[in-house]
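Note that ligands are numbered from 1 as they come in the structure, with each ligand's atoms numbered from 1 the same way.
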Amino acid sequence: MTVTIVGSQFGDEGKGGAVDLYGEAADIVVRYQGGDNAGHTVVHEGEEYKLSLLPSGVVRGKECIIGNGCVVNPETLFDELDTLRERGLDPSVRVAERAHVIFPYHRVIDGIEEDDKDEKGDLTVGTTGRGIGPTYEDKAGRRGIRVGELLDSELLRSRLEYVVPQKRALVEDVFGVEAGSEFDVDRLFETYRDYGERLAEEGMTVDCGTYLQRRIDDGDEVMFEGAQGTLIDIDHGTYPYVTSSNPTAGAASVGSGLGPTVVGRGDVIGVVKAYLTRVGTGPLPTELGGVEGQTPGYGDGTADEEEEELATYIRDEGGEYGTVTGRPRRVGWLDMPILRHAARASGFTGIVVGHIDVLAGLDEVRVGHSYEVDGEEVTTVPPITEAWSRCTVNYRRFDGWSDVDWSAVARDGYEAIPENARTYLEYVQEELDTPIYAVGVGPGREDTVVLEDPFDGSTE
Ligand code: IMP
């Protein structure tokens with residue numbers, strides 16, 4: 001069977017921890033979308049690993065696949081593999097031949113477009129600068145280059161000769177920026193042909209869907225590791241402040257080459273952080289305080305000092321700084337309209353709620369229960385982001401819980417969680433009508449109260 005792990009908020013919910021927790025029983029871990037914009041921190045045997053492209057299951061020695069729905073920067077791929085090898089691991093990673101390749105010009109264009117949006121108003125997305133959007137644009141524009149094409153040097157050269165002059169013209173004629181060596185066909189050809197050779201030598205490419213189906217037919221267990229989160233999904237997120245792929249569960253099918261029935265027969269687990277964080281621009285109705293350069297209108301004198309302090313406290317307690325970029329994350333209260341939207345869009349069969357320890361010690365914990373927009377109460381996310389930015393929040397207030405020995409809680413089980421925290425958790429579970437599979441009470445895999453293991457009792 002399969003288990004799909006999906007971020008239910010803006011990314012950075014702690015999906016790596018859920019993969020780590022449930023991945024033990026999986027034979028293969030597959031990423032199905034995104035690229036090296038993802039940041040997972042995985043703690044294994046006291047060692048911390050920071051990854052941006054490789055599935056986090058790699059640290060645990062799982063066979064890993066980067067699916068056809070991903071965009072792959074070969075430089076990052078080999079850097080991450082070499083670093084893991086230097087640290088004594090023996091990673092097993094293969095890349096779908098149908099996945100698209102991120103080239104240096106994609107990264108340059110990503111930066112130029114952000115600068116242009118910045119100059120022309122408050123339009124920046126706050127991308128990770130990894131060339132993700134421009135690569136997916138080329139895929140949809142049918143001018144992208146796929147991983148499998150790197151292995152055929154003649155084909156690679158002809159593809160580059162077609163696309164690179166267009167990119168050069170875009171940068172020079174539309175944006176008025178001088179194109180550098182990132183737009184030099186000969187140079188690109190040599191570097192990427194070498195990557196192709198290395199992929200071939202190491203036997204790293206795979207026809208993802210065919211291979212996975214065969215493994216499932218043989219009775220193997222597959223875990224789909226989603227990156228980013230529902231609210232930055234290109235279709236279901238706060239467009240245009242989104243990434244360019246679909247972190248929602250439907251993409252586990254499209255991005256791997258397995259049918260939706262295969263994914264749907266398994267579990268789909270939404271990972272929920274007990275509060276909210278967001279990196280980048282765009283609205284955030286339950287935001288506390290704000291972050292310069294990310295929160296719209298930040299510095300206009302309307303900030304509440306107490307809320308700013310609370311946000312800083314939660315940010316520091318939770319280590320809420322970007323894994324990839326180091327940027328401070330924006331912080332807000334848990335937002336139920338977001339979670340209802342995420343649970344529906346991906347069809348969650350269970351949720352994992354983490355970081356409840358970070359909120360310990362607060363007198364009161366709030367949750368955005370619903371919104372008020374244009375005189376109406378709404379319980380899910382408005383489709384048009386402009387309307388979302390006008391929402392005011394109806395809060396539910398919960399008594400806080402004190403800091404306790406969370407390792408003891410993890411050992412003793414659900415009933416050992418402070419009562420007020422359980423009240424909070426049970427509210428979320430009831431509102432989503434989705435059972436809690438696990439509760440994260442600290443950063444390590446052992447700091448988890450497990451109520452349900454989806455791979456248990458598998459009949460497929
Ligand atoms: P891009 O994916 O680099 O194009 O960035 C688009 C938006 O998605 C920006 O707001 C990023 O901050 C956000 N984003 C991309 N990847 C992640 C992630 O792994 N965690 C959180 N936010 C992300």
Side-chain angles (χ1 to χ4, degrees), residues 5-19 31-42 50-56 66 69-73 76 80 100 102 106-118 122-140 225-248 251 271-273 275-284 287 291 293-296 315 318-332 338 342 354 385:
I5 305 288
V6 176
S8 63
Q9 293 150 327
F10 291 90
D12 310 314
E13 299 89 352
K15 295 176 293 295
V19 172
R31 267 196 67 183
Y32 56 87
Q33 45 71 230
D36 56 346
N37 51 346
H40 328 284
T41 305
V42 186
K50 286 189 189 295
L51 300 169
S52 63
L53 173 64
L54 298 183
S56 53
I66 298 173
C70 295
V71 286
V72 180
N73 183 334
T76 313
E80 292 193 354
H100 278 249
I102 302 176
H106 290 124
R107 293 174 78 132
V108 172
I109 292 168
D110 196 355
I112 291 174
E113 287 185 338
E114 283 282 277
D115 289 346
D116 187 64
K117 286 179 172 169
D118 193 32
D122 205 5
L123 300 167
T124 48
V125 177
T127 72
T128 59
R130 303 290 159 114
I132 306 297
T135 308
Y136 278 114
E137 270 182 56
D138 279 357
K139 171 179 173 176
E225 176 174 336
Q228 290 86 43
T230 305
L231 268 289
I232 53 172
D233 182 291
I234 185 127
D235 285 280
H236 304 291
T238 59
Y239 192 91
Y241 308 105
V242 292
T243 191
S244 298
S245 66
N246 295 108
T248 42
V271 181
V272 177
K273 190 183 273 183
Y275 48 92
L276 211 53
T277 59
R278 172 168 205 173
V279 191
T281 52
L284 193 64
E287 183 161 20
V291 173
Q294 298 187 56
T295 304
R315 185 177 302 117
E320 299 296 356
Y321 294 87
T323 314
V324 172
T325 59
R327 287 185 286 178
R329 296 176 182 148
R330 298 162 65 190
V331 173
I338 284 179
T385 304

Query - Contacting atoms of ligand 1, where contact means under 4.0 angstrom from a heavy atom of Asp12 - result: 20 (N), 21 (C)
Query raised in the report: Is there any N or O on Gly11 that sits under 3.5 Å from an N or O of ligand 1?
Result: no
Report task. For residues Arg329 and Asp12, determine if any side-chain heavy atom of one lies less than 4.5 Å from a side-chain heavy atom of the other. Result -> yes
Report task. Indicate, as side chain, backbone, both or neither, the part of Asp110 found under 4.0 angstrom from ligand 1 when only non-hydrogen atoms are considered. Result -> neither
Report task. Return the option from Thr243, Asn37, Ile232, Thr127 holding the heavy atom at the smallest distance from atom 14 (N) of ligand 1. Result -> Ile232
Requested in this report: Check whether any N or O atom of Thr128, backbone or side chain, sits under 3.5 Å from an N or O atom of ligand 1, and answer yes or no.
Outcome: yes
Requested in this report: Establish, from distance only, whether the side-chain atoms of Glu137 and Ser244 form a donor-acceptor pair under 3.5 Å.
Outcome: no
Report task. With rounding to the nearest 0.5 Å, note down the distance linking CG in Asn37 to CD1 in Ile102. Result -> 7.5 Å
**Report entry** Under 3.5 Å side-chain donor-acceptor pair for Thr248 and Asp233
**Finding:** yes
Requested in this report: Can you sort out which atoms of ligand 1 are near Gly39, meaning under 4.0 Å from one of its heavy atoms?
Outcome: 19 (O)
Requested in this report: Look up atom CG in Leu284 and atom CG in Leu231, then write down how far apart they are to the nearest 0.5 Å.
Outcome: 9.0 Å
Report task. Could you tell me which atoms of ligand 1, counted from 1 in the order shown, lie closer than 4.0 angstrom to a heavy atom of Phe10? Result -> 21 (C), 22 (N)
Query raised in the report: With a 4.5 Å limit on heavy-atom distance, are the side chains of Arg107 and Asn73 in contact?
Result: yes
Report task. For ligand 1, note which part of Tyr241 has a heavy atom under 4.0 Å away: side chain, backbone, both or neither. Result -> neither
Query raised in the report: For the side chain to side chain donor-acceptor pair (under 3.5 Å) test, which of Arg330, Arg278, Lys273, Arg315 pairs with Glu320?
Result: Lys273
Query raised in the report: Near Gln228, which atoms of ligand 1 are under 4.0 Å from a heavy atom of that residue?
Result: 15 (C), 16 (N), 17 (C), 18 (C), 19 (O)
**Report entry** Numbered atoms of ligand 1 (with element) below 4.0 Å of Gly126, judged on heavy atoms
**Finding:** 9 (C), 10 (O), 11 (C), 12 (O)
Query raised in the report: Is the closest N or O pair between Ile132 and ligand 1 shorter than 3.5 Å?
Result: no
Requested in this report: Answer yes or no for Ala227: is there a heavy-atom contact with ligand 1 below 4.0 Å?
Outcome: no
Requested in this report: Please could you name the atoms of ligand 1 that Arg327 approaches to less than 4.0 Å, counting only its heavy atoms?
Outcome: 12 (O)
Report task. Supply the atom-to-atom distance Ile234 CD1 to Tyr136 OH, rounded to the nearest 0.5 angstrom. Result -> 9.5 Å
Query raised in the report: Does any N/O atom on Val242 come nearer than 3.5 Å to any N/O atom on ligand 1?
Result: no
Query raised in the report: Do the side-chain N and O atoms of Glu13 and Ser8 include a donor-acceptor pair separated by under 3.5 angstrom?
Result: no
